[in-house]
There are 2 protein chains.
Amino acid sequence: MATLDDVARRAGVSTATASRIINGSSKPVSAQLRDRVEAAVADLHYVPNAHARQLARSERTAVGVVVHDVSDPYFAEITRGLQRVATTDGRLVIICNTYRDPARELDYVELLRAHQVAAMVLAGSGYHDPGFARALRGKLRAYELSGGRVAVIGRHDRTGDAVVPDNESGGFLAGEHLYALGHRDIGVIAGPRNLTTTTDRLTGIRRAARAHRRPPPKVVYADFDRDSGAAATADLLAAHPRVTAIAALNDSMAVGALAHLRAVGRRVSVIGFDDMPIARDVTPALTTIRLPLADMGALAMSLALSAPSPSPRVERVPAELVRRESTFPPEE
Amino acid sequence: MATLDDVARRAGVSTATASRIINGSSKPVSAQLRDRVEAAVADLHYVPNAHARQLARSERTAVGVVVHDVSDPYFAEITRGLQRVATTDGRLVIICNTYRDPARELDYVELLRAHQVAAMVLAGSGYHDPGFARALRGKLRAYELSGGRVAVIGRHDRTGDAVVPDNESGGFLAGEHLYALGHRDIGVIAGPRNLTTTTDRLTGIRRAARAHRRPPPKVVYADFDRDSGAAATADLLAAHPRVTAIAALNDSMAVGALAHLRAVGRRVSVIGFDDMPIARDVTPALTTIRLPLADMGALAMSLALSAPSPSPRVERVPAELVRRESTFPPEE
DNA sequence: GGCAGCAAGGTAAGCGCTTTCCTGGGAAAG
DNA sequence: CTTTCCCAGGAAAGCGCTTACCTTGCTGCC
């Protein structure tokens with residue numbers, strides 16, 4: 001790999017001059033030398049070593065993102081928003097997939113710190129685990145102490161900049177919608193138990209049940225992905241045959257529920273959560289609770305890249321009901 | 001940010017010793033010093049500076065991936081496969097989204113080179129543009145000369161390790177399926193004209209038309225995304241009302257086509273391409289040409305991380321017809 | 001003519017690590 | 001009691017850049 005030294009030697013100048021020309025420094029340089037250096041750069045296909053540069057001007061340039069899995073549509077949307085603002089800012093984005101493994105999440109935070117990222121955004125890691133929460137807080141704290149910026153998406157047990165979707169109200173909206181349609185017995189396909197996303201949404205639905213003086217909904221837990229949603233639907237209907245409506249705590253599972261229902265030929269209302277792109281293309285089109293995922297990502301990245309604020313900034317993002325065709329009144 | 005120097009000073013040892021302990025070097029160190037250094041590391045929340053480390057042991061550790069857009073399901077799947085093998089190998093993955101901007105693609109290749117990535121995988125950048133192709137080849141060449149490894153997914157005008165899906169045969173399969181069902185007049189919703197993915201798939205379909213002694217299909221160009229697919233369907237049907245089957249060159253556009261047909265209440269066969277996860281959940285479930293996207297990604301990453309081979313390795317990946325419900329014989 | 005002032009370029013000191021080579025002190029060997 | 005080795009540990013030389021600080025040779029002014 002050609003180095004600055006090679007370029008300088010070839011152009012017959014010092015590395016200082018070569019560096020100044022390459023970086024467009026404000027120091028004046030004669031046109032002649034400039035040409036020679038540029039020619040050398042081209043001849044050698046020289047590209048400055050990013051690590052050496054980073055070390056020399058100790059200024060942080062990349063940003064890190066840690067999510068469950070970029071290929072999951074929920075996080076894909078968030079990531080899209082994140083990337084938009086990061087690249088507008090001319091920054092390289094390093095994406096880390098935790099696959100919901102807390103240990104891996106901690107490792108990644110450390111790794112990103114080691115890579116001197118200017119900021120990091122964490123999404124989807126609200127685990128109900130005090131040990132993990134403490135460890136994470138510690139690492140983030142250390143990172144911030146050294147000048148790093150962090151923003152989280154979703155509720156985390158930590159004070160700091162955050163974008164938090166109103167999952168509880170969203171859950172309420174979902175329940176409310178179903179009860180208002182006349183359903184009395186509703187089932188919930190929940191996500192993993194230890195995620196706050198799950199518990200918050202569930203809390204909202206239970207609140208709606210109380211508001212309508214209905215018994216609490218039947219809950220069955222799944223994994224936030226399509227197939228587990230389908231399986232959970234089967235379990236739910238077997239255990240509670242009188243359920244006439246199902247609230248799935250995300251769209252992927254709702255899609256799975258729809259698939260199962262179609263397979264067994266039952267007509268049951270289904271409401272999803274998130275409003276992912278697929279929602280409008282399944283049949284029946286999925287009624288769901290919309291969260292502006294891409295915007296949330298963008299917002300989080302802006303928070304992370306903006307000047308640090310003395311008091312934590314928490315942006316609450318409202319959820320909104322999107323009525324489509326998968327929910328309807330109970331049939332007699 | 002605490003440095004190795006800080007750690008060494010606090011532990012009362014030299015940086016050499018501290019470094020050896022931290023890196024688990026084979027050189028023996030007394031247990032006492034080891035404890036002191038480890039305590040210092042913990043107290044200071046020390047994390048080694050990845051850039052300095054990379055500079056010192058000039059060994060490349062990260063890998064780069066340049067794709068159109070990770071949030072596009074097609075690339076999301078590929079990326080998933082890529083990541084799986086990269087992280088198994090303990091490597092950090094840097095993902096770059098080009099949004100199909102050739103200039104950006106070139107910039108990213110340079111950027112990744114600057115970051116000393118051990119390997120890079122490019123997916124979805126087969127543009128029909130000689131100027132671009134030459135520039136890209138040049139940059140990749142320079143990178144490889146300096147010891148970098150590259151693998152591409154899809155056809156690129158360059159010799160080197162590659163994973164190439166058999167788009168042409170896939171196209172043929174799609175056409176064949178439609179003609180065999182009895183369709184005589186078929187339309188094609190194509191992707192961007194300058195992508196080889198588009199042209200290869202199209203070539204296959206045209207070959208099927210010739211094989212069945214049918215006139216060439218009517219082609220209309222779109223953007224590989226759902227909404228452009230819906231719009232293109234409208235255009236196609238307006239221009240050629242007698243079309244009874246549509247081949248969309250990817251699933252996203254097929255989904256758009258389905259949506260448009262449902263909206264206008266027309267019954268027309270639709271076949272997609274790729275077999276993305278959504279395909280089985282739309283109604284009617286989408287008949288499509290499957291490509292093992294995640295495997296392709298994994299394969300490409302393995303090629304890129306394996307020892308360089310003297311002669312380029314090209315892995316051809318066959319396409320396969322998946323029959324579902326969106327294709328049927330023409331109605332009278 | 002002498003000196004300040006400036007333009008153009010070079011020298012060299014780091015940035016935070018790793019690692020080679022060296023040193024001092026024992027233990028083993030004679 | 002020497003001599004030889006080995007072992008734990010340190011000093012210092014880079015890795016490839018950036019940049020503060022010099023040097024040199026002019027121009028312009030009194």
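Just so you know, these numbers come straight off a predicted model, no measurement behind them. Every chain is numbered from 1 and lettered A, B, ... according to where its sequence line falls, protein lines coming before strand lines.
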Next on the checklist: Taking only side-chain N and O atoms of S19(B), does any of them lie within less than 4.0 angstrom of OP1 or OP2 on dT19(C)?
Outcome noted: no
Checklist outcome for this item: Rounded to whole Å, the CG-P distance (L33(A) to dA7(C)) equals 17 Å
Checklist outcome for this item: Closest of dT18(D), dG16(D), dA20(D) to the N23(A) side chain is dT18(D)
Next on the checklist: Taking atom CZ as the centre, does R141(B) end up with more than 12 heavy-atom neighbours from other residues, nucleotides or ligands that are less than 6.0 angstrom away?
Outcome noted: no
Next on the checklist: Starting the side chain at C-beta, find the nucleotide from dG9(D), dT11(C), dC17(D) nearest to S14(A).
Outcome noted: dT11(C)
Checklist outcome for this item: Rounded to whole Å, CG of L4(B) lies from C1' of dT18(C) at a distance of 9 Å
Item to check | Upstream residue (5' side of DNA chain D) when A31(B) and A56(B) are each assigned their closest nucleotide | outcome: A31(B)
Next on the checklist: If you assign each of A52(B) and G12(A) to its closest nucleotide in DNA chain C, which residue comes earlier from the 5' end?
Outcome noted: G12(A)
Next on the checklist: From CD of Q54(B) over to P of dC17(C), roughly how many Å is that when rounded to an integer?
Outcome noted: 14 Å
Checklist entry - Whole Å only: how far is the CZ atom of R34(A) from the P atom of dA7(C)? => result 15 Å
Checklist entry - Which nucleotide in the list dT19(C), dC22(D), dC17(D) gets nearest to the side chain of R20(B)? => result dT19(C)
Checklist entry - Rounding to a whole Å, what distance do you find between R9(B):CZ and dA11(D):C1'? => result 16 Å
Next on the checklist: Looking at every heavy atom in both R149(B) and A304(B), which two are closest together, and how far apart are they?
Outcome noted: CB-O, 3.2 Å
Item to check | Flag, side chain of H51(A) to backbone of H115(B), donor-acceptor distance under 3.5 Å | outcome: yes
Checklist entry - Taking atom P of dT18(D) as reference, at what distance in whole Å does atom CG of D5(A) sit? => result 12 Å
Checklist outcome for this item: Of dC17(D), dG10(C), dG10(D), the nucleotide closest to the side chain of V13(B) is dG10(D)
Item to check | Earlier contact from the 5' end, DNA chain C, for S30(A) and R57(B) | outcome: S30(A)
Next on the checklist: Among dC17(C), dT18(D), dT19(D), which nucleotide has an atom closest to any side-chain atom of A16(A)?
Outcome noted: dT19(D)
Next on the checklist: Has Y143(A) got a side-chain atom pairing as donor or acceptor with V117(A)'s backbone, closer than 3.5 angstrom?
Outcome noted: yes
Next on the checklist: If I take atom CD in residue Q32(A) and atom P in nucleotide dG9(C), what distance separates them, rounded to the nearest angstrom?
Outcome noted: 8 Å
Checklist outcome for this item: When rounded to whole Å, the CG to C1' distance for the pair N49(A) and dT18(D) reads 13 Å
Item to check | Nearest listed nucleotide, side chain of T15(A), among dC17(D), dT18(D), dG9(C) | outcome: dT18(D)
Item to check | Minimum side-chain heavy-atom gap V66(A)-T98(A) below 4.5 Å | outcome: yes
